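All values reported here derive from a predicted model rather than from experimental measurement. Values reported hereafter were calculated over all heavy atoms of this structure, with side chains retained and with hydrogens, waters and symmetry mates removed. So that the names make sense, note that chain A is the first sequence line, chain B the second, and so on, each numbered from 1.
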Amino acid sequence: MKKLERSFYNRTAIEVAKGLLGKYLVHRVNGRELSGKIVETEAYMGPDDKAAHSCSNRRTKRTEVMFGPPGYAYVYLIYGMYSCMNIVASEVESPQAVLIRALEPVKGLEDMAKARYHKSLADCTKKELLGLTNGPGKLCRAMGITNRDSGEDLCRNRIFLLEGGMEPEFEMVTTTRINIDYAEEAIHFPYRFYINGNRYVSVRDRNYPFSG
DNA sequence: ATACAGATCGGT
DNA sequence: CCGATCTGTATA
């Protein structure tokens, strides 16, 4: 499988968010390789998007990476305990990013189970297996990605993305984003995308898909 | 120096 | 629904 190159990320966050569905996120750590298929994403469009950390071009040490070139990781800590991973999109000085909201685990499930539940894969219930990576905080925990990984170049070989190869067809659902109640008109922007029917799409889906 | 909110999660 | 838990950020 081929690694996604810089040009893939040099598009709007909406395009990148859609394009990332079905691709593979890979983390090489401790001599092992963890990976999962991306099944759910959200686009954060920057200056005019009140849900984005980079709204109004708000530029701080934390958000700085989003103002740089595309294809880098923006990882932040939320509620003091979970990391969320984003992929910087668009060109320099256009602070857009794509939040990875859910993965279907592919490789390194044993390590993921350890990281999430402190027990081996064999001891996990069916529910726990489905809960391994079906949320932005959960997948970072499972994949061993933390805010210290913010700024990582995804075109190198520690954390990177792979093209799917011969992907089976899937239907993409477009809907609204999760947990951005404060974002005024941006609450209604259709910036969330997921693979229809995939069992690893985050369960806290209180939104109604757009028809069309 | 201090205050406070948060692109979440798991348990009730 | 609620609380955990702590960093980044704003304000002074």
A.B. asks: Any cation-pi pair here, A:Arg59 with A:Phe67, using under 6.0 Å and within 45°?
C.D. replies: yes
A.B. asks: Does the side chain of A:Asn179 get closer than 4.0 angstrom to OP1 or OP2 of B:dT8 through an N or O atom?
C.D. replies: yes
A.B. asks: I would like to know whether A:Glu104 and A:Thr133 meet side chain to side chain donor-acceptor pair (under 3.5 Å); could you show each step before the answer?
C.D. replies: CA-CA 7 Å; A:Glu104 176 180 322; A:Thr133 54; over 6 Å; no
A.B. asks: In this structure, which stretches of DNA chain B are paired as stems of three or more consecutive Watson-Crick or G-U pairs, both distances less than 3.5 Å?
C.D. replies: B:1-6 with C:6-11, B:8-11 with C:1-4
A.B. asks: Just how far, in rounded Å, is C1' of B:dG10 from CZ of A:Arg116?
C.D. replies: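 Distance check: A:Arg116 CZ to B:dG10 C1' gives 9 Å.
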A.B. asks: Think A:Lys138 has a side-chain N or O under 4.0 angstrom from the OP1 or OP2 of B:dG10?
C.D. replies: yes
A.B. asks: Taking side-chain contact (heavy atoms from CB on, under 4.5 Å) as the definition, give me every residue that meets it alongside A:Pro136, ordered by chain and number, with sequence neighbours left out.
C.D. replies: A:Cys84, A:Leu99, A:Arg101
A.B. asks: Please work out if A:Arg59 contacts a base, only the sugar-phosphate, or nothing of the nucleic acid, heavy-atom cut-off 4.0 Å.
C.D. replies: nothing
A.B. asks: Name the one of A:Glu64, A:Arg58, A:Met66 that satisfies side-chain contact (heavy atoms from CB on, under 4.5 Å) with A:Arg62?
C.D. replies: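 Option passing the side-chain contact (heavy atoms from CB on, under 4.5 Å) with A:Arg62: A:Arg58.
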A.B. asks: I'd like to know if the side chain of A:Ser54 reaches the main chain of A:Asn57, judged simply by a donor and an acceptor atom lying under 3.5 Å from each other, with no hydrogens or angles considered.
C.D. replies: no
A.B. asks: Taking only nitrogen or oxygen atoms into account, show me every contact under 3.5 Å that the protein makes with nucleotides 2-4 of chain B, one pair per line with its distance.
C.D. replies:
none

A.B. asks: When every nucleotide of nucleotides 5-12 of chain C is labelled 5' to 3' by its protein contacts under 4.0 Å (heavy atoms), B for base, S for sugar-phosphate only, - for none, what sequence of letters results?
C.D. replies: BBSSSS--
A.B. asks: Name all residues meeting the salt bridge (Lys or Arg N to Asp or Glu O under 4.0 Å) criterion together with A:Lys2; count only those two or more places apart in sequence or in a different chain, and write none if there are none.
C.D. replies: A:Glu5
A.B. asks: Cation-pi check, A:Arg156 to A:Phe160: give yes when NZ or CZ is under 6.0 Å from the six-membered ring centre and within 45° of the ring axis, no otherwise.
C.D. replies: no
A.B. asks: Specify the separation, in whole Å, of atom OH of A:Tyr82 and atom C1' of B:dG6.
C.D. replies: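 Taking OH of A:Tyr82 and C1' of B:dG6, I get 14 Å after rounding.
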A.B. asks: With sequence neighbours excluded, what pairs up with A:Lys3 under the salt bridge (Lys or Arg N to Asp or Glu O under 4.0 Å) test?
C.D. replies: none
A.B. asks: Measure the distance from CD1 on A:Ile178 to P on B:dA7 and round it to the nearest whole Å.
C.D. replies: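 For the pair A:Ile178 CD1 and B:dA7 P, the rounded distance is 13 Å.
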A.B. asks: Measure from NZ on A:Lys50 to P on B:dA5 and round the result to the nearest Å.
C.D. replies: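 My rounded result for the distance is 20 Å.
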A.B. asks: Say whether, by atom type as modelled, one donor and one acceptor occur between the side chain of A:Asn86 and the main chain of A:Tyr74 under 3.5 angstrom.
C.D. replies: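 Judged by distance alone, yes, a pair lies under 3.5 Å.
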A.B. asks: A:His53 and A:Tyr44: aromatic ring centres closer than 6.0 Å?
C.D. replies: no
A.B. asks: Using only heavy-atom distances, determine whether the side chains of A:Ser94 and A:Glu91 contain a donor-acceptor pair under 3.5 Å.
C.D. replies: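 Short answer, no.
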A.B. asks: Tell me whether A:Arg141 forms a cation-pi arrangement with A:Tyr117, defined as NZ or CZ under 6.0 Å from the six-membered ring centre and within 45 degrees of its axis.
C.D. replies: no
A.B. asks: I want to check one thing: is the phosphate of B:dT8, taken as OP1 and OP2, less than 4.0 Å away from some side-chain N or O of A:Arg141?
C.D. replies: no
A.B. asks: Nearest-Å distance, CD (A:Glu40) to P (B:dA7)?
C.D. replies: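 About 16 Å, once rounded to whole Å.
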A.B. asks: Please confirm whether any donor atom in the side chain of A:Tyr182 sits under 3.5 Å from an acceptor in the base of B:dA5, or the reverse.
C.D. replies: no
A.B. asks: For the pair made of CE in A:Met85 and P in B:dT8, what is the distance, rounded to whole Å?
C.D. replies: 16 Å
A.B. asks: How long is the line joining CD of A:Glu128 and P of B:dC9, in whole Å?
C.D. replies: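 To the nearest whole Å, that distance equals 16 Å.
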A.B. asks: Contact class for A:Ile180 vs. all strands (heavy atom < 4.0 Å): base, sugar-phosphate, or nothing?
C.D. replies: sugar-phosphate
A.B. asks: Rounded off to whole Å, could you give me the OH-to-C1' distance for the A:Tyr200 and B:dC9 pair?
C.D. replies: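 Spelled out: OH on A:Tyr200 to C1' on B:dC9 is 18 Å.
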A.B. asks: Pick the nucleotide of DNA chain B nearest each of A:Tyr117 and A:Val98; which residue has the one closer to the 5' end?
C.D. replies: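 The answer here is A:Val98.
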